[in-house]
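Just so you know, these numbers use all the heavy atoms, side chains as well, and skip hydrogens, waters and symmetry mates. Predicted model, so just to flag it, every value in this text is computed and none were measured. Position 1 is the first residue of the sequence; numbering continues from there.
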Amino acid sequence: MDFNVKKLASGAGLFFTRAVQFTGEKLGQAEKTELDAHFENLLIRADCTKNWTEKIYRQSEVLLQPNPSARIEEFLYEKLDRKAPSRITNAELLGQYMQDAGKEFDLGTPYGSTLMKVGECEKRLGAAEREFLQTSAISFHTPLRNFLEGDWRTISKERRLLENLRLDLDACKARLKKAKAAEAKAAMAPDFQETRPRNYVLSVSASALWSEEVEKAEHELRVAQTEFDRQAEITRLLLEGISSTHVNHLRCLHEFVEAQAAYYKQCHLHMQELQNELSSDENLVPNAFALNSSHSMVTAGSQAEGASSPAETDTLKIEEVQPPATGTRKAKVLYDYDAADSSELSLLADELITVYTVPGMDSDWLIGERGNQKGKVPVTYLELLS
């Protein structure tokens, strides 16, 4: 117990001495051993790598798991060394709700059958999302965390040790400087006419003592310099390893991009399949944004050979456009719109108009009717009503 108290007191004294020395360096009252420019650049590069890696890691964590509560739960399971339970994705949960609603509304109805189809697609999207999250966590998120919790902690530990050895080295330099100054002062020959022999003997004795102190200080300086140089080399090697870290993170970044691209491609394919399936279902209510296939077939069969149609002419002739038998919808105007030419219809905010599409029209436009007025209207200015 007595030994521990002495060790604690010694450590506290050393800490206080280093704190005073560090403060003196900051105030310019003490000398400081400077590192070479290459070493300083390595330190700056390492700090920059750590700061940006930490920011990217935190934000990727938010991307892969936006729910803070879920992140805390996963962290606790990890610290307890237990496997976190699998969690259903939001898309899968939405798909399950849609399918349950479709069964409740009767699968024989257009709405019920569509809910089932969309719900199945949402489930596939959720499965693709879960696969993307797992792949990204392994190939991108985990390597960043391993660097911050492993390599960077080792680098920080060695840097702190190097800083302490530098302070010790500077303290040895200061002691040697003081010892040499005292030795020089003691070695000054006294005046025999004004100084008694006793003082002369004391002066010679003090000079010898200071010579021994100088030798001791020089020895301590050599030891401190050796330890500092050895620790500087170790720290330098670790800092130069940051280049390997960049290479590793570059590979992880490529894998993350590949996983993200595969995920979005898979989602796009699922949505295309769903769109094709819905557009081919004749029982569904016609979509105002899609072409009315039945109307286009009737129009194409009734046209004489060689006659021009709205789909075949460069300019749509509004006066010749007729509303389809089915597929017209009501729409609420969101903003005022001034017609650019005679083929367009001017709009007033909050009014209700009838809209429909015709074969060959740009998907960004619809035909709008208000009483006897008719013309093209932009889709972005409308809210389609069921």
Could you pull out the closest heavy-atom pair between Tyr337 and Pro378, with the gap in Å? CE2-CD, 3.9 Å

Aromatic rings Phe256 and Phe132: how do their planes relate, parallel, tilted or perpendicular, breaks at 30° and 60°? tilted

If we count only N and O atoms by modelled type, under 3.5 Å, do the side chains of Gln373 and Arg370 hold a donor and an acceptor together? yes

Donor-acceptor side-chain pairing of Ser139 and Arg251 below 3.5 angstrom: no

Taking atom types as modelled, is there a side-chain donor on Thr49 or His246 under 3.5 Å from an acceptor on the other? yes

OG1 (Thr235) and CZ (Arg160) are apart, to the nearest 0.5 Å, by 11.5 Å

Would you kindly say whether Gln272 and His268 are connected by a side-chain donor-acceptor distance under 3.5 Å? yes

With clusters defined by side-chain heavy atoms of hydrophobic residues (ILVMFWY) lying less than 4.5 Å apart, directly or transitively, does Tyr335 cluster with Val355? yes

Okay, side chain of Gln231, backbone of Glu158: is any donor-acceptor separation there less than 3.5 Å? yes

Check Leu162 against Phe228 and note the closest heavy-atom contact, atom names and distance. CD1-CE1, 3.5 Å

Heavy-atom count around Asn90 CG within 6.0 Å, excluding the residue itself: above 12? no

Judged by modelled atom types alone, do Lys50 and Ser156 share a side-chain donor-acceptor pair under 3.5 Å? no

Asp151 side chain near Asn146 side chain, heavy-atom distance below 4.5 Å: no

Ignoring hydrogens and geometry, is there a side-chain-to-backbone donor-acceptor pair from Asp362 to Trp365 under 3.5 Å? no

Rounded to the nearest 0.5 Å, what's the gap from SG on Cys172 to CG on Leu221? Could you check? 6.0 Å

At their closest point, which heavy atom of Leu64 faces which heavy atom of His141, and how far apart are they? CD1-CB, 4.0 Å

Take His254 and Val257, measure what side-chain contact (heavy atoms from CB on, under 4.5 Å) needs, and give me the verdict at the end. CA-CA 5 Å; His254 278 281; Val257 171; 5.8 Å; no

Shortest non-hydrogen contact between Pro143 and Ile138, atoms and distance: CD-O, 3.4 Å

Spacing of CG belonging to Leu347 relative to CD1 belonging to Ile353, to within rounding of 0.5 Å: 5.0 Å

Any heavy-atom pair between the side chains of Ser244 and Asn248 that's under 4.5 Å? no

Taking 4.0 angstrom as the limit, do Arg175 and Glu213 come out as a salt bridge? no

Going by atom types alone, do Ser346 and Asp338 pair a side-chain donor with an acceptor below 3.5 Å? no

Between Thr109 and Phe105 the two heavy atoms that sit nearest each other are OG1-O, 3.3 Å

Does Ile242 belong to the same Ile/Leu/Val/Met/Phe/Trp/Tyr cluster as Trp52, with side-chain heavy atoms less than 4.5 Å apart forming each link? no

Side-chain contact test, heavy atoms from C-beta onward, threshold under 4.5 Å: evaluate it for Val62 versus Gln59 and give yes or no. yes

Is the shortest distance from a Lys or Arg side-chain nitrogen in Asp47 or Arg159 to a carboxylate oxygen in the other one below 4.0 Å? yes

Any non-hydrogen side-chain atom of Glu277 less than 4.5 Å from a side-chain atom of Glu120? no

Calculate, to the nearest 0.5 Å, the distance between atoms CG and CD1 belonging to Leu237 and Ile234 respectively. 8.0 Å

Taking atom types as modelled, find out whether Tyr97 and Glu122 have a side-chain donor-acceptor pair closer than 3.5 angstrom. no

Start with the C-alpha gap between Leu42 and Glu240, add the side-chain angles, then the distance that decides, and say whether side-chain contact (heavy atoms from CB on, under 4.5 Å) holds. CA-CA 7 Å; Leu42 290 177; Glu240 289 176 348; 3.8 Å; yes

Side-chain (Ser136) to main-chain (Leu133) donor-acceptor, under 3.5 angstrom: no

Does a side-chain heavy-atom distance below 4.5 Å link Glu131 with Tyr263? no

Using atom types as modelled and distance alone, determine if a side-chain donor or acceptor of Glu92 lies under 3.5 Å from a backbone N or O of Thr89. yes

Does the side chain of Glu61 come within less than 4.5 Å of Gln65's, by heavy atoms? no

Shortest non-hydrogen pair, Glu227 vs Leu165, comes out as O-CD1, 3.6 Å

Less than 4.0 Å between a side-chain N and a carboxylate O, is that true for Glu163 and Arg166? yes

Hey, mind stepping through Lys123 and Gln99 against side-chain contact (heavy atoms from CB on, under 4.5 Å) and telling me if it holds? CA-CA 10 Å; Lys123 282 188 171 182; Gln99 289 187 328; 2.9 Å; yes

Give a yes or no on whether the backbone of Arg230 and the side-chain of Glu233 come within a donor-acceptor separation of less than 3.5 Å. no

Transitively linked via ILVMFWY side-chain contacts under 4.5 Å: Ile155 with Ile44? no

Should we say atom CD of Glu104 is surrounded by more than 12 heavy atoms from elsewhere, each under 6.0 Å from it? no

According to a hydrophobic-cluster definition based on side-chain heavy atoms being under 4.5 Å apart (Ile, Leu, Val, Met, Phe, Trp, Tyr only), do Val223 and Leu176 belong together? no

Here the gap from Lys374 atom NZ to Thr354 atom OG1, rounded to the nearest 0.5 Å, amounts to 11.5 Å

Check step by step if side-chain contact (heavy atoms from CB on, under 4.5 Å) holds for Lys332 and Asp350. CA-CA 6 Å; Lys332 179 182 178 181; Asp350 297 328; 3.6 Å; yes

Is any side-chain heavy atom of Val377 closer than 4.5 Å to one of Glu344? no

Distance check, rounded to the nearest 0.5 Å: Leu148 atom CG versus Leu144 atom CG? 7.0 Å

Flag yes if Leu125 and Ile88 sit in one hydrophobic cluster, no otherwise; membership is Ile, Leu, Val, Met, Phe, Trp, Tyr, and two members link when side-chain heavy atoms are under 4.5 Å apart. no

Does the side chain of Leu348 reach to within under 4.5 Å of the side chain of Val333, using non-hydrogen atoms? no

